[in-house]
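Chain letters run A, B, ... following the sequence lines, proteins first, then strands; residues in each count from 1. Side-chain atoms are counted along with the backbone in the values below, which use heavy atoms only and exclude waters and symmetry mates.
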Protein chains: 2
Amino acid sequence: MSSAQQPAPPRPTSRDVARAAGVSQATVSLVLGDKWRGRVSAATAERVRGTARDLGYRPNLAARSLRLGRTRTALLVVPALTNEFFARVYTGAAAVAAEHDFGVVLYPSPDGTGPARDPFASARAALDGVIASSMAADALGALRGADLPLVMLDSDPEDHGAAARVNLDIADGMRQVAAHLLGLGHRRIVHLASAVDTWTFAVRARALREAVRDVPGAALLTVASPLDVRAGREVAETVLASSGPPPTAIVCDDDILAAGACKAVRRRGLRVPEDISVTGFDDLALATAVEPELTTVRLPAEQVGERGMRALLDVLAGRPAAHHDLAVGLVVRGSTAPPPAA
Amino acid sequence: MSSAQQPAPPRPTSRDVARAAGVSQATVSLVLGDKWRGRVSAATAERVRGTARDLGYRPNLAARSLRLGRTRTALLVVPALTNEFFARVYTGAAAVAAEHDFGVVLYPSPDGTGPARDPFASARAALDGVIASSMAADALGALRGADLPLVMLDSDPEDHGAAARVNLDIADGMRQVAAHLLGLGHRRIVHLASAVDTWTFAVRARALREAVRDVPGAALLTVASPLDVRAGREVAETVLASSGPPPTAIVCDDDILAAGACKAVRRRGLRVPEDISVTGFDDLALATAVEPELTTVRLPAEQVGERGMRALLDVLAGRPAAHHDLAVGLVVRGSTAPPPAA
DNA sequence: GCCTCGAGGTTTTACGTATAACGTCGGCAT
DNA sequence: ATGCCGACGTTATACGTAAAACCTCGAGGC
């Protein structure tokens with residue numbers, strides 16, 4: 001009755017292929033593993049390949065992993081996939097992985113900062129290596145302890161212990177933002193920073209602080225906010241509502257906060273960029289969805305994932321893994337302008 | 001010299017635990033597999049558990065999979081993770097999976113519609129089941145052929161062949177949009193539809209068409225666009241530039257297109273919502289990031305993932321898998337208003 | 001006194017693969 | 001003729017786990 005009652009056609013094994021091709025299982029393994037040169041005749045090899053194709057043979061990955069002790073699977077640890085930046089990192093990593101018959105499994109941490117508990121406790125842990133984005137120091141400990149090859153993304157270069165590292169020149173990006181705003185004449189600047197305490201955000205803060213310090217008469221106020229639009233807006237509103245002369249520019253740690261900041265500005269009855277300039281960071285799709293479009297720093301997210309995965313593959317293959325530094329670039333759009341003539 | 005030269009501490013196996021606890025490997029397996037009732041004394045069981053913990057024993061998943069023929073891994077097929085909706089679906093699915101010691105591996109299709117080739121060709125194929133979102137019919141074929149339990153998300157209920165289905169009441173959502181706009185007095189409506197030809201979008205089109213048809217004097221024009229802000233804006237601009245009386249409302253297939261439509265309206269020197277109302281679909285973060293905030297239909301994306309995974313687990317456990325229908329709700333925000341008094 | 005039975009284990013096997021170790025059989029130099 | 005070698009395979013084994021099948025021993029029934 002129920003058509004779901006399949007007789008369960010058992011997948012063919014290498015032994016089935018061997019039988020069908022009239023050779024031993026070992027020969028099948030050699031041929032399909034491309035290790036047959038000088039051990040099997042070309043004719044036999046071709047015959048084996050043919051029957052394997054005919055039978056629709058697919059190697060059992062569990063068996064292969066058991067035998068080899070390697071799983072061809074990498075763990076990517078990211079704060080949250082709903083953040084487009086990390087979705088793009090994943091996309092890049094997965095693309096490179098696929099080229100090398102590798103899999104990528106994700107560990108998105110619930111709180112958005114790092115794995116709450118041991119990521120391997122979740123026991124999907126059949127891993128060859130780990131790629132981890134910048135995260136809280138304590139969360140890092142668990143990853144280190146697993147003594148798996150570790151590639152860090154966008155994290156402190158001073159922090160050794162990773163087999164490789166792929167970094168974005170975040171400091172340079174923030175310096176470009178600062179130069180842009182200071183060049184336009186802005187002197188009262190607010191830094192709407194991420195409340196998350198990771199290297200990538202610390203670098204933004206430092207670079208901005210130093211750039212502002214170099215300009216006489218320029219002042220910087222830093223406030224922290226969780227990384228969502230509403231929180232960004234609320235924190236920005238608080239700043240704008242406080243006494244004293246309002247800022248003429250709000251530098252945000254990412255585009256999401258910038259979107260919030262723009263809303264805060266308009267709620268005060270002011271305009272972006274005429275009254276207050278706002279800058280973002282990341283260049284997400286959001287940056288060109290809002291109006292005005294955000295002046296922001298473009299981060300090559302996919303490339304981060306690609307390079308990270310390539311570095312991991314290098315490490316796994318015993319090749320020397322280069323540390324990468326990726327350039328970032330300011331994209332000037334409509335959310336910045338000279339400050340209002342005082 | 002290189003500290004990377006670890007002596008490779010071999011992970012303890014169940015046999016190591018057995019030796020340390022003074023029992024046989026089988027006993028360890030029974031105890032840790034929680035199948036020891038009446039076969040092993042409580043004292044022994046406790047001792048085994050203790051030594052396993054002490055040694056830091058973790059079962060080798062490859063070996064377990066090989067033995068059991070099951071991998072505790074599901075494939076989630078989604079168009080693109082950079083679309084927040086699917087990132088949220090993943091998040092929900094992964095959360096439920098983790099509760100059951102299951103893993104989720106992703107297959108994001110490059111073109112955004114469906115797997116370009118056989119998703120199993122990429123050979124990560126150690127899968128117990130598949131959860132697939134609405135996609136092009138031809139791409140579906142590959143999934144069916146794999147005779148793995150298949151759970152479909154947001155797809156045609158008439159299309160049998162899935163072991164379970166989790167659907168959103170998309171039609172109802174679109175009816176709510178239509179009722180809202182028609183109730184406000186809109187009569188010239190443009191449907192900015194997705195160019196992707198899948199069930200979920202077909203339903204939107206049909207529901208809107210039928211709702212408009214029921215109102216005398218109401219007219220509907222449908223145009224298709226790729227799912228990104230720029231494309232949405234461009235298509236909307238074309239529509240607005242064409243001759244004839246302009247629409248008073250633009251109904252979009254998702255929030256991304258709606259953001260584009262809003263920009264198109266303003267480029268024509270018109271205002272949202274005073275001159276033209278715009279509605280979205282999905283209720284992404286984007287919907288409250290743009291200004292005005294979008295009137296849209298909230299889709300419980302995480303729930304889709306959760307229910308989908310639960311359904312798959314049910315099927316795998318031989319339990320009857322219920323088909324789910326999730327309600328959606330209109331969220332009225334600032335992008336809709338009565339049409340301008342003609 | 002013998003049989004049964006259950007509690008509490010142990011021995012053994014199979015899962016499918018990769019590969020080390022081992023034939024076998026001509027041909028060719030010595 | 002003998003030894004050796006290369007070409008072409010095969011046989012055997014191990015990876016770590018789950019679980020079926022099998023042992024052993026003491027208590028209890030008759």
[X]: what forms a side chain to side chain contact (heavy atoms under 4.5 Å, CB included) with it, not counting sequence neighbours?
X	result
A132(A)	V77(A), V130(A), M135(A), L143(A), L150(A), M152(A)
S65(A)	T71(A), A62(B)
E46(B)	R49(B), R53(B)
A26(B)	S24(B)

Round to the nearest Å and state the distance from [X] atom [atom1] to [N] atom [atom2].
X	N	atom1	atom2	answer
D16(A)	dT17(C)	CG	C1'	13 Å
L66(B)	dT13(C)	CG	P	17 Å
L68(B)	dG16(C)	CG	P	12 Å

Salt bridge (charged side-chain N to carboxylate O under 4.0 Å, His left out) partners for [X], two or more places apart:
X	answer
D156(B)	none
E306(A)	none
R19(A)	D16(A)

Got a second to check how far R307(A)'s CZ is from D325(A)'s CG, nearest 0.5 Å?
9.5 Å

Axis bend over the full length of the helix from dG1(C)-dC30(D) to dT30(C)-dA1(D), computed from five pairs that close each end, to 10 degrees:
70°

DNA chain C-proximal residues of residues 19-47 of chain A, any heavy atom under 4.0 Å:
Q25(A), A26(A), S29(A), K35(A), R39(A)

Tell me, which pairs form a salt bridge (Lys or Arg N to Asp or Glu O under 4.0 Å) where one or both residues lie in residues 21-30 of chain A, sequence neighbours left out?
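Checked against salt bridge (Lys or Arg N to Asp or Glu O under 4.0 Å) - neighbours excluded - no pair reaches residues 21-30 of chain A.
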
What range of DNA chain D does chain A touch, first nucleotide to last, counting atoms under 4.0 Å from its heavy atoms?
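Result: dC8(D) to dG16(D).
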
Who are the side-chain hydrogen bond (donor to acceptor under 3.5 Å, both in side chains) partners of T200(A), not counting sequence neighbours?
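Once residues adjacent in sequence are excluded, the partners of T200(A) under the side-chain hydrogen bond (donor to acceptor under 3.5 Å, both in side chains) criterion are D154(A), R204(A).
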
